[in-house]
Number of protein chains: 2
Amino acid sequence: MTTTASDHDRIVQAADRLFYRRGIQAVGMDAVRAESGVPLKRLYAQFASKDALLIEVLHHRGAIWDSGIAAAAASAEGPRAKLLAVYDFLDAWFRTDDFRGCGFINAFGELGAVSSEVAAAAREQKLAFQHYVGALVAEMGASPVLAAQLALLAEGAQTTAAISGLPDAAIHARAAAETLIDAALLTA
Amino acid sequence: MTTTASDHDRIVQAADRLFYRRGIQAVGMDAVRAESGVPLKRLYAQFASKDALLIEVLHHRGAIWDSGIAAAAASAEGPRAKLLAVYDFLDAWFRTDDFRGCGFINAFGELGAVSSEVAAAAREQKLAFQHYVGALVAEMGASPVLAAQLALLAEGAQTTAAISGLPDAAIHARAAAETLIDAALLTA
DNA sequence: TTGCGCTGAGAACGTTCGTTCTCTAGTGTA
DNA sequence: TACACTAGAGAACGAACGTTCTCAGCGCAA
């Protein structure tokens, strides 16, 4: 049985695709209407403004990211493997055709200075990721400093893959992560 | 024609300040006029368009970055110390009041999808940095993979310091860099 | 002084875009 | 058939902005 997607969901998904592909300010509400197939009147019945839609899109994108990370971790045994699975997840993502960097980093660069809500959404997403890494590092009995370092590698890989066009960034990040983990466990 | 050269510089510097602080599309040409003190007519005599000004601004910003890195390296002895000086440079930068992340990452996030020139300027800057790190790593006799890893740490520190608001990212990156360098030199 | 060219301040123009409004075609009902 | 109602397509509106144009004022040569 096929449940037709709600206006709300179709709008969010269409806006997410467009914002990610072209940037936020480059996408007009009319393009969102065309991509979602939802007329402007119903669109504005769901979202008070483009800004409100954007915040919802960012939360949606955060949920997608979280579930992707969780799925990657599910096929790994133990905290060390789950940590390394993050970089495998990044590697697969970087090699997708429409990869254009981290949507939160991009949104922050575009609107972080002008919209405190956008800045907050990006910050929350990044802090949640750092917390996730921190929990696995703690489970390994290593220092929280290692967690910060592993998160740096993941963030750096995302910008490098996007801007420099080097998808191998994930592989390099993974190798560096292994080195750092091993070093941290030795001194623990 | 010293007056026109002065116009040129004042415009670029004013635009750089504004673009970095508020984002590019959030800054109108009238704001550039007000900040630079150069009337619109002379402004458009120097730059054919806002896009042309932006590209010049990005090159200017790249030169500033390069000279900052060079100055940090100048007070260090040997490739290892010069590499670590990068993170000290980042640390000082992150703690400045008006720090808002890497201008190239921000510009790429805002306009990279829509302007191939912006994307190219950001890519060139990032590749130049990777080349700089690669030269020092080669001087140490270590693998190019280490260079990629050290660059990832620097990129990750910039986004983390900006978005998460954690200036300690530079310190963590530096410590991770030391670990990675030592490990690479051991196996070399 | 008078006329001429240049300059700057800002008005004007054309476009884009977020948001709202209008009008028409269609539906269901008695 | 007549009527009320709804919803969608797109026009309309107002604001912002990149870019160009106007015009008053000034310096200056003769």
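Proteins come first, then strands; the chains are lettered A, B, ... in the order of their sequence lines, and each starts at number 1.
Residues satisfying the ring-ring contact (aromatic ring centres under 6.0 Å, His included) criterion with B:F94, sequence neighbours excluded, are B:F99. Residues forming a side chain to side chain donor-acceptor pair (under 3.5 Å) with B:R123 (at least two apart in sequence, or on another chain): none.
The six-membered or imidazole ring of A:F89 lies near that of A:W65, with a centre-to-centre distance under 6.0 Å.
Residues from residues 112-122 of chain A that place a heavy atom under 4.0 Å from any atom of DNA chain C: there are none. Across residues 13-21 of chain A, not one residue has a non-hydrogen atom less than 4.0 Å from an atom of DNA chain D.
Contact between A:A15 and A:V57 at its shortest, heavy atoms only, is CB-CG2, 3.7 Å. Minimum heavy-atom separation, B:D7 to B:R42: OD2-NE, 2.6 Å.
One distance of note links CD1 of A:I105 with OG1 of B:T159; it measures 4.5 Å at 0.5 Å rounding.
Taken together through direct or relayed side-chain contacts under 4.5 Å among Ile, Leu, Val, Met, Phe, Trp and Tyr, B:L58 and B:I64 form parts of separate hydrophobic clusters.
A sub-4.0 Å separation between OP1 or OP2 of D:dA7 and a side-chain N or O of A:R42 is absent.
The only member of B:K126, B:Q130, B:E155 that meets side-chain hydrogen bond (donor to acceptor under 3.5 Å, both in side chains) when paired with A:S164 is B:Q130.
The end-to-end axis angle of the helix from C:dT1-D:dA30 to C:dA30-D:dT1, rounded to 10 degrees and based on five pairs per end, is 30°.
The main-chain N or O of B:I24 is found under 3.5 Å from a side-chain atom of B:E110 such that the two form a donor-acceptor pair.
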*What do the steps show when you test B:Y87 against B:L150 for side chain to side chain contact (heavy atoms under 4.5 Å, CB included), and what is the final call?*
CA-CA 10 Å; B:Y87 305 98; B:L150 296 182; 3.5 Å; yes

*asked:* Determine whether A:R61 and A:Y20 satisfy the following criterion, side chain to side chain contact (heavy atoms under 4.5 Å, CB included), listing intermediate values before the conclusion.
replied: CA-CA 10 Å; A:R61 182 156 273 266; A:Y20 182 70; 3.5 Å; yes

*asked:* Generate the contact string for nucleotides 18-26 of chain C. Rules: B means base contact, S means sugar-phosphate contact only, - means no protein heavy atom under 4.0 Å.
replied: SBB-B----

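In this structure, A:E178 pairs ionically with A:R80, as a charged nitrogen and a carboxylate oxygen lie closer than 4.0 Å.
For the residue pair B:Q46/B:H8, the side-chain donor-acceptor check at 3.5 Å is satisfied.
If you take CG of B:L53 and P of D:dT19, they are 10 Å apart, rounded to a whole angstrom.
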